[in-house]
Amino acid sequence: MENKVILTGDRPTGRLHIGHYFGSLINRVKLQNEYETYVEIADVQALTDNFNNPEKVRKNVRQVVLDYLSVGIDPSKATIFIQSLIPEIAELTVFYSNLVTIARLERNPTVKTEIAQKKELFGESVTYGFLGYPVSQAADITAFGASLIPVGEDQLPLIEQCREIVRKFNNIYGDVLIEPEAFLSSSKRVKGLDGNDKMGKSLGNAIYLSDSEEEITKKVMSAVTDPNRITKDTKGNPEVCMVAYYHNLFTGKDEYEKVLEECRNGERGCVACKKELSSNIIEFLRPMREKRRYYEERPEEVDRILIEGTEKARIKAKETMQKVKKAMKLDYYL
Ligand code: TRP
């Protein structure tokens, strides 16, 4: 097998939830056994729309590492690092910024949607940094020679933009950068407790990997169910019920079939159904909560993982930088 490098990352703007778990974390835990894996905590990218809240980013760097470790991203297999500690990424961003037009950035559908959602922060005119974060993400990817990027659908325009930058760079300066491919996660997006298509922190409809048993129970009790079900005997429609939807993720196949049938026949009350679900979610997340507690009680061990991961990542980024500078005729003296 070719020695492929994969790279993924998250903006540290909040704790990770079950949407992240089924959408990407589960995949990373598998892939780390087969590929040279880098996992980036994208604090610089997080600042592009949180520049006025550095505390939030700082605090969540810690939360995200704990999330990674708790789900089984294994620092002996995957290199976990902090973006801002790799200055080569910032340098590459500057070099690549010549290879992208403003018009092209403004056309990026993901960036476009995000800008529309952030009117309150940006007002009439978006910052240079936010508009340009796809360039910085191209630097994240290429600094490590990553060829496969496991992402959700929303990230495809960013990978496409990275590919264009790589082609342009290689055309002008010579064949140095690796053109990455997106590796679409087969699992689909997890809906929110309120039935929203997306589970998200800002939407207040998420179950976090680090939620306590009480929080999980409380959230499941608030989940949206079939509004036409007045009493237990009313025949239900599990298609429009978030509890049934989550049973599909957390409850064994046979038991899930039973949930659907009993709901449709009016043989199962919503409260009992929710209790069963929350207890299944609690059990599912228990090993993660325990692993998290282990690391929470050993902050120096977490520091060491980050320091060693970042050192390892830096070596790789420096190798790329040397080749890039040589190709760009910037290889003076040193
Ligand atoms: N933009 C990604 C997100 O919002 C996070 C990210 C930063 C990333 N750098 C990356 C993802 C490099 C893949 C590769 O989720």
Side-chain angles (χ1 to χ4, degrees), residues 4-17 19-25 27-28 31-32 35-50 56-57 60-61 63-65 67-68 73 78-86 88-90 92-93 96 105 108-115 117-118 129-166 177-185 187 189-190 198-203 206 309-310 313 316-317 320:
K4 288 207 167 180
V5 176
I6 69 170
L7 179 128
T8 56
D10 294 282
R11 296 181 193 174
T13 53
R15 292 177 293 151
L16 303 182
H17 51 62
H20 294 114
Y21 182 76
F22 290 106
S24 67
L25 296 172
N27 229 338
R28 295 183 199 172
L31 292 169
Q32 69 182 349
Y35 298 98
E36 181 179 341
T37 299
Y38 291 85
V39 185
E40 174 182 281
I41 305 179
D43 59 345
V44 177
Q45 188 176 118
L47 283 167
T48 60
D49 60 344
N50 291 280
K56 171 177 157 190
V57 174
N60 283 304
V61 167
Q63 291 303 323
V64 169
V65 193
D67 283 323
Y68 287 164
I73 292 181
T79 304
I80 305 174
F81 68 96
I82 299 178
Q83 185 187 15
S84 62
L85 290 176
I86 313 287
E88 287 76 14
I89 294 176
L92 288 174
T93 304
Y96 297 169
L105 287 167
N108 185 310
T110 302
V111 180
K112 227 165 136 173
T113 311
E114 285 174 291
I115 292 174
Q117 289 163 350
K118 293 172 203 295
F130 191 82
L131 185 66
Y133 92 73
V135 184
S136 156
Q137 187 156 322
D140 295 340
I141 293 169
T142 52
F144 305 96
S147 51
L148 265 188
I149 315 297
V151 283
E153 234 164 66
D154 64 313
Q155 293 292 305
L156 290 181
L158 286 133
I159 308 302
E160 188 48 41
Q161 189 133 32
C162 175
R163 290 164 60 89
E164 285 173 29
I165 291 171
V166 167
L177 303 177
I178 292 169
E179 188 173 330
E181 264 174 75
F183 179 65
L184 254 193
S185 144
S187 45
R189 173 175 275 184
V190 177
K198 191 176 173 188
M199 181 171 276
K201 182 179 150 72
S202 51
L203 300 163
T310 301
K316 190 98 177 178
T320 304

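Everything numeric in this text was worked out from a predicted model, so none of it was measured. Read the numbers this way: they start at 1 and go in the same order the structure lists the ligands and their atoms. Start at 1 with the first residue, then count along the sequence.
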F183 and Y35: aromatic ring centres closer than 6.0 Å?
no
Could you report the tightest heavy-atom contact between I6 and A146, atom names first, then the distance?
C-CB, 4.4 Å
Carboxylate-amine/guanidinium proximity below 4.0 Å for K198 and D154:
no
Closest approach of any protein heavy atom to atom 4 (O) of ligand 1, naming residue and atom:
R11 NE, 3.4 Å
Ligand-side contact atoms (ligand 1) for residue partner Q137, heavy atom cut-off under 4.0 Å:
1 (N), 2 (C), 6 (C), 7 (C), 8 (C), 9 (N), 10 (C), 11 (C), 12 (C), 13 (C), 14 (C)
Among protein heavy atoms, which lies nearest atom 9 (N) of ligand 1, and at what distance?
D140 OD2, 2.8 Å
For ligand 1, note which part of I149 has a heavy atom under 4.0 Å away: side chain, backbone, both or neither.
side chain
Looking only at protein heavy atoms, identify the closest one to atom 2 (C) of ligand 1 and say how far it is in Å.
Q155 OE1, 3.4 Å
When you measure from the centre of the six-membered ring of Y133, is the NZ or CZ of R11 under 6.0 Å away and within 45° of the axis?
yes
Just need the protein heavy atom nearest to atom 7 (C) of ligand 1, so name the residue and atom and give the distance.
Q45 NE2, 3.3 Å
Heavy-atom nearest pair, I89 first then A139, reads O-CB, 3.4 Å
Atom indices of ligand 1 within 4.0 angstrom of A42 heavy atoms, with elements:
7 (C)
Is there a donor-acceptor pair under 3.5 Å between the side chain of D67 and the backbone N or O of R15?
no
Name the closest protein heavy atom to atom 14 (C) of ligand 1, giving the residue it belongs to and the distance to 0.1 Å.
L7 CD2, 3.5 Å
